[in-house]
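On a predicted model such as this, the values are computed, not experimentally measured, just so you know. Counting starts at 1 for both ligands and their atoms, following the listed order.
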Amino acid sequence: MTFIQTPPELGNQYTADRALRSYLARALPADVLTEIGPGLEAMGELAGGELYRFQLADRANEPTLTQWDAWGSRVDRVEVSPLWHRAERIAAEQGLVATAYERRHGAYSRVHQFVLVYLFTPSADLYSCPLAMTDGAARALIAAGNAALIERALPHLTSRDPREFWTSGQWMTEATGGSDVGLTETVARREGERWRLYGRKWFTSAATSQMALTLARPDGNPPGGKGLALFYVETRDAEGRPNRILVNRLKDKLGTRKVPTAELTLDGTPAELVAGTGDGVKNIAPMLNVTRTWNSVAACALARRGLALARDYAGKRVAFGASLSEKPLHLDTLAGLEAEFLGALHLTFFVVELMGREEAGKASSEQKNLLRLLTPVAKLLTGRQVVHILSEVIESFGGAGYVEDTGLPMLLRDAQVLPIWEGTTNVLSLETLRALEGVGGLAVLKREIGIWLREVREPDLVKISAQVERAVEQAEAWLAKAQGDALEAGARRFAMTLGRAVELALLAQHGQWSLAEEKDQHARAAALRFAAHGVSLLAEMDAADSRRLARDD
Ligand code: MFK
């Protein structure tokens, strides 16, 4: 009889997630957890069961673009995969955006929302992308205080009724640059009573959204980000036709293949100013901070999915006389990945907690500063961690991980977008330096880390605390000394060091709590393993050598 390998399976993705449940037990008041628990369990069941099976069956379906109808009219219809239709309904009904705005649990509402998002994301083929932009648009409209647009769009963006629910695009990237947005070429002209936009948007995610926030330069404005204005666009007119928007083509991408990313021409698209005729980059920043946090949550979610499958498979796969889950080297490999994942999870949800406090009006000025500083740090670090973790997860399946219809390669390809969109690792490292200036340096972070580490008693974890403190001091010393090109060249090592220090400090704090409250060694073990991987990445690099190596000088 030919051998047939039993495939990996998923159970309820909430009840089976020991680390998430342990985190929530510490972070949320018991009554809040009791109230939201059944909803999380239902989402975990859906994501590990019906939706996961649907996702595997729907694997080959990708979005399509029909530009012309049979009679020669330009229609530019984008059709998405069946799973995306289902995901849209689930997202509305389960309040994946709404939960944050209904604020039923005050400052904890963001944690509630993002746990739902975390459970949903890995089974939803990056439908989280339009949801992230929707959440970001809602936040940017509120921040701008534009009463008319808030009244018009917010009820749709935060609706739980699938018939009313809108998603939003975030059209920033042009051919001139995805990072240097100040180079935007799209112009805005005042024609009669309204603004119209002319230009080409080079990378617009989720082209099926009902609205978008976008940047354009009002005629006569100066170059750069300050000369841009933030505009609100509805993508269809009253008859449902494209609103002077041409979909040139869908992008043929490495991953996120279910996301209908499009090149658009704006050919007199009617638009409304969101917040004055300038400062576009500044006005879209609240949206960026929200989508960057979704990015961090998605990184954790995809990493967790890969590890859940790898762990299950290790129990089923037999090689060299024993199951992989009995093999010391296989276990050692998975343990290292789990520790990195847990670091990412704790950093991400700490940022989410801060965001919830800020929105509920409960954040101190120190907490606001921490949020400003750690949003880019979490995004850049978790984006790199998830790619590393999923690359190893694929390898842990051997050849099966390389075969498309296992559904595994898609995980790695989708994860690879997370360090790219919403600001690459390097762009966010530089953003971290700017954010530091705005919050008055590292003092606020050092104080917070000190508070966490003060609770640590267990001798192994106390040693880790010293390692964290050394890394932060080293980062501070480097920052005080580095200037000009050296500062820029080291920005990534610096930002990653900060992020790793925060992750390890949170792991140590949680490890201590979990030992005391849950009699559980899991978080302590994660802290020790993470510490062994190292925290500080800082090193003196010779600029001339870098040029030699990078440019082949
Ligand atoms: C599931 C995952 C979900 C993810 C969904 C994603 C969907 C995909 C959609 C996209 O990918 S959209 C493209 C995303 N693009 C980016 O994220 C752009 C990356 N580039 C940067 O972030 C650049 O650093 C930046 C465009 C901001 C540089 O432009 P500028 O014009 O040089 O901006 P500058 O001078 O740094 O900042 C202008 C102002 O905004 C400053 O305020 P002041 O004028 O008062 O000095 C900044 O402080 C402020 N600002 C910038 N970034 C901010 C911010 N304020 C708060 N938070 C921020 N993050």
Side-chain angles (χ1 to χ4, degrees), residues 91 96 114 117-118 120-122 124-137 139-140 143 167-174 176-184 201-207 209 212-215 217 222-228 230 251 253 255-256 259-262 275 278-302 348 355 358 368-369 371-377 379-380 382-383 386 414-415 417-439 491:
L96 292 187
F114 276 117
V117 168
Y118 165 87
F120 168 81
T121 293
D125 286 345
L126 264 290
Y127 189 75
S128 302
C129 165
L131 295 178
M133 298 188 292
T134 303
D135 189 349
R139 191 84 172 89
T167 59
S168 174
Q170 171 187 335
W171 302 345
M172 292 178 72
T173 303
E174 301 204 357
T176 44
S179 299
D180 193 355
V181 175
L183 295 177
T184 291
K201 295 290 173 182
W202 188 239
F203 240 99
T204 59
S205 289
S209 294
L213 295 187
T214 190
L215 296 172
R217 195 175 312 283
K226 282 198 183 305
L228 297 171
L230 180 59
K251 295 288 198 189
K253 297 164 293 173
T256 67
V259 182
T261 309
D279 276 331
V281 168
K282 191 179 164 93
N283 289 323
I284 206 167
M287 183 173 199
L288 291 179
N289 290 334
V290 170
T291 49
R292 286 171 183 170
T293 304
W294 277 74
N295 206 88
S296 303
V297 172
C300 297
L302 294 187
T348 296
M355 189 187 216
E358 184 184 57
K368 288 180 190 168
N369 284 341
L371 177 62
R372 177 73 184 94
L373 178 61
L374 292 181
T375 300
V377 169
K379 195 282 187 188
L380 73 91
T382 60
V386 67
D414 284 354
V417 84
L418 297 173
I420 298 175
W421 68 9
E422 295 309 316
T424 62
T425 311
N426 283 359
V427 165
L428 288 176
S429 299
L430 298 173
E431 152 86 4
T432 302
L433 293 181
R434 282 195 295 273
L436 257 184
E437 274 176 33
V439 305

Are the side chains of [Y] and [X] in contact, using a 4.5 Å heavy-atom criterion?
{"X": "Thr256", "Y": "Trp421", "result": "yes"}
{"X": "Val290", "Y": "Met355", "result": "yes"}
{"X": "Ile284", "Y": "Val181", "result": "no"}
{"X": "Gln170", "Y": "Glu422", "result": "yes"}
{"X": "Leu418", "Y": "Thr382", "result": "no"}
{"X": "Lys253", "Y": "Val417", "result": "no"}
{"X": "Phe120", "Y": "Leu131", "result": "yes"}
{"X": "Trp171", "Y": "Met133", "result": "no"}

Under 4.0 Å from a heavy atom of [X]: which atoms of ligand 1 are those, numbered in the order shown and with their elements?
{"X": "Val281", "value": "27 (C), 29 (O), 31 (O), 33 (O), 38 (C)"}
{"X": "Ala298", "value": "1 (C)"}
{"X": "Val181", "value": "18 (C), 26 (C)"}
{"X": "Gly423", "value": "16 (C), 17 (O), 19 (C)"}
{"X": "Leu288", "value": "17 (O)"}
{"X": "Gly225", "value": "31 (O)"}
{"X": "Met133", "value": "7 (C)"}
{"X": "Thr173", "value": "13 (C)"}

Hey, is Leu428 touching ligand 1 through its side chain, its backbone, both or neither, going by heavy atoms under 4.0 Å?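 For Leu428, there is no contact with ligand 1 at all, from either part.
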
Look at [atom] and find which of [options] reaches it with the closest heavy atom.
{"atom": "atom 26 (C) of ligand 1", "options": "Gly136, Ser128, Ala435, Ser179", "result": "Ser179"}
{"atom": "atom 53 (C) of ligand 1", "options": "Gly278, Ala285, Ser296", "result": "Ala285"}
{"atom": "atom 17 (O) of ligand 1", "options": "Arg372, Met172, Arg292", "result": "Arg292"}

N/O to N/O below 3.5 Å, does that happen between Asp279 and ligand 1?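 Such a contact does not occur with ligand 1.
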
Consider every N or O of Trp294 and every N or O of ligand 1, then say whether any pair is closer than 3.5 Å.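 Among all N and O atoms of Trp294, none is under 3.5 Å from an N or O of ligand 1.
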
Any heavy atom of Gly178 sitting closer than 4.0 Å to ligand 1?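 A heavy atom of Gly178 does come that close to ligand 1.
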
Applying a strict 4.0 Å limit to heavy atoms, is Gly182 in contact with ligand 1?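 No, Gly182 has no heavy atoms under 4.0 Å from ligand 1.
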
First locate atom CG of Asn295, then atom CD1 of Ile420, and finally report the distance between them rounded to the nearest 0.5 Å.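 The CD1 atom of Ile420 is 10.5 Å from CG of Asn295, to the nearest 0.5 Å.
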
Where do Thr204 and Lys251 land on the side-chain contact (heavy atoms from CB on, under 4.5 Å) test, with the steps shown first? CA-CA 9 Å; Thr204 59; Lys251 295 288 198 189; over 6 Å; no

Starting from [atom], which protein heavy atom do you reach first, and at what distance in Å?
{"atom": "atom 52 (N) of ligand 1", "value": "Glu431 OE1, 3.7 Å"}
{"atom": "atom 12 (S) of ligand 1", "value": "Gln170 NE2, 3.3 Å"}
{"atom": "atom 3 (C) of ligand 1", "value": "Ala132 CB, 3.4 Å"}
{"atom": "atom 6 (C) of ligand 1", "value": "Glu422 OE2, 3.0 Å"}
{"atom": "atom 57 (N) of ligand 1", "value": "Asn289 ND2, 2.9 Å"}
{"atom": "atom 45 (O) of ligand 1", "value": "Lys282 NZ, 2.6 Å"}
{"atom": "atom 44 (O) of ligand 1", "value": "Lys226 NZ, 2.7 Å"}
{"atom": "atom 24 (O) of ligand 1", "value": "Arg434 NH2, 3.1 Å"}

For [atom], is the nearest protein heavy atom under 4.0 Å away?
{"atom": "atom 34 (P) of ligand 1", "answer": "no"}
{"atom": "atom 48 (O) of ligand 1", "answer": "no"}
{"atom": "atom 41 (C) of ligand 1", "answer": "no"}

Considering all heavy atoms of both residues, which atom of Leu430 and which atom of Ala491 are nearest to each other, and what is their separation?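 Closest pair (atom of Leu430, atom of Ala491, distance): CD2-CB, 3.8 Å.
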
Derivation of the salt bridge (charged side-chain N to carboxylate O under 4.0 Å, His left out) call for Glu358 and Arg139: CA-CA 12 Å; Glu358 184 184 57; Arg139 191 84 172 89; 3.4 Å; yes

Determine whether a donor-acceptor pair (N or O, by modelled atom type, separation under 3.5 Å) exists between the side chain of [X] and the backbone of [Y].
{"X": "Lys379", "Y": "Thr291", "answer": "no"}
{"X": "Lys226", "Y": "Gly182", "answer": "no"}
{"X": "Ser205", "Y": "Thr261", "answer": "no"}

Is it true that Arg434 and Glu431 make a salt bridge, defined as a side-chain N closer than 4.0 Å to a carboxylate O?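 Yes, charged N to carboxylate O under 4.0 Å.
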
